[in-house]
Amino acid sequence: QVELVESGGGLVQAGGSLRLSCAASGRMVNTYTMGWFRQAPGKEREFVAAISRGSSTTLYADSVTGRFTISRDNAKNSVYLQMNSLNAEDTAVYYCAATSRFGAQRNQYEYDYWGQGTQVTVSS
């Protein structure tokens, strides 16, 4: 079992950048595929990015491709989401998630563990 805690959210102007962090405790994060999801007010939670255990495979939602970068540091038991060129549509609560399935996963129902989320607000 693993516990996930996100940090790094906040208020940023459109065009700005934020870096989200997800710190894991318990079982080592290198045994999990990791993902980031987000949920905007009144909308369903959606996939943002995922990374395989050894970082060989990354997946991105079309809406963030070229702007967001997912990475992981297994030695620090952490996963990151670098977000650049933010716009108002990126405003949401961002969640870190872990799955024991191999390979990067887009489907949120494949993920077993979730953090509590961190709010990202982009002002236009």
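Shortest non-hydrogen contact noted between Val120 and Leu18 is CG1-CD1, 3.9 Å. The nearest pair of heavy atoms linking Val2 to Ala24 is CG2-CB, 3.7 Å. Heavy-atom minimum distance, Ala14 versus Ser124: CB-CA, 4.2 Å. Of all heavy-atom pairs spanning Ser71 and Ile51, the tightest one is CA-CD1, 3.8 Å.
Identified under the salt bridge (Lys or Arg N to Asp or Glu O under 4.0 Å) test for residues 65-77, with sequence neighbours left out: Arg67-Asp90. Judged as a salt bridge (Lys or Arg N to Asp or Glu O under 4.0 Å), not a single pair has a partner in residues 77-86 (not counting sequence neighbours). Annotation: salt bridge (Lys or Arg N to Asp or Glu O under 4.0 Å) contacts involving residues 92-107, sequence neighbours excluded, comprise Arg101-Glu110. Residue pairs that meet the disulfide (SG to SG under 2.5 Å) test with at least one member in residues 47-117, sequence neighbours left out, are Cys22-Cys96. Here disulfide (SG to SG under 2.5 Å) pairs that include residues 32-88, with residues two or more places apart or in two chains, number zero.
The main-chain N or O of Thr33 is never found under 3.5 Å from a side-chain atom of Thr99 such that the two would form a donor-acceptor pair. Checked by atom type and distance alone, the side chain of Asn74 never pairs as donor or acceptor with a backbone atom of Met28 at under 3.5 Å.
Residues satisfying the ring-ring contact (aromatic ring centres under 6.0 Å, His included) test with Tyr111, not counting sequence neighbours, are Phe37. Residues satisfying the side chain to side chain contact (heavy atoms under 4.5 Å, CB included) test with Ala23, not counting sequence neighbours, are Ser78. For Gln119, the side chain to side chain contact (heavy atoms under 4.5 Å, CB included) partners at least two apart in sequence or on another chain are Thr91, Val93, Thr121. Not counting sequence neighbours, the partners of Gln39 by the side chain to side chain contact (heavy atoms under 4.5 Å, CB included) test are Arg45, Tyr95. Among residues two or more places apart in sequence or in another chain, the salt bridge (Lys or Arg N to Asp or Glu O under 4.0 Å) test is passed with Glu46 by Arg38.
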For residues 79-86, tabulate all N or O donor-acceptor pairs below 3.5 Å that involve a side-chain atom, not counting sequence neighbours.
{"from": "Gln82", "atom 1": "NE2", "to": "Asn84", "atom 2": "OD1", "distance (Å)": "2.9"}
{"from": "Asn84", "atom 1": "OD1", "to": "Ser17", "atom 2": "OG", "distance (Å)": "2.9"}

Taking distance alone, no hydrogens or angles, what donor-acceptor pairs closer than 3.5 Å link side-chain atoms of residues 55-62 to residues at least two apart or in another chain?
{"from": "Ser56", "atom 1": "OG", "to": "Ser52", "atom 2": "OG", "distance (Å)": "3.4"}
{"from": "Tyr60", "atom 1": "OH", "to": "Ile70", "atom 2": "N", "distance (Å)": "2.9"}

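Residues Phe68 and Phe47 do not share a hydrophobic cluster, defined by chaining ILVMFWY side chains whose heavy atoms lie under 4.5 Å apart.
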Would you please test Tyr32 and Tyr113 for side-chain contact (heavy atoms from CB on, under 4.5 Å) and show each step? CA-CA 10 Å; Tyr32 295 99; Tyr113 305 101; 3.7 Å; yes

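Ser100 contributes atom OG, which lies 12.0 Å from atom CD of Gln1 (distance to the nearest 0.5 angstrom).
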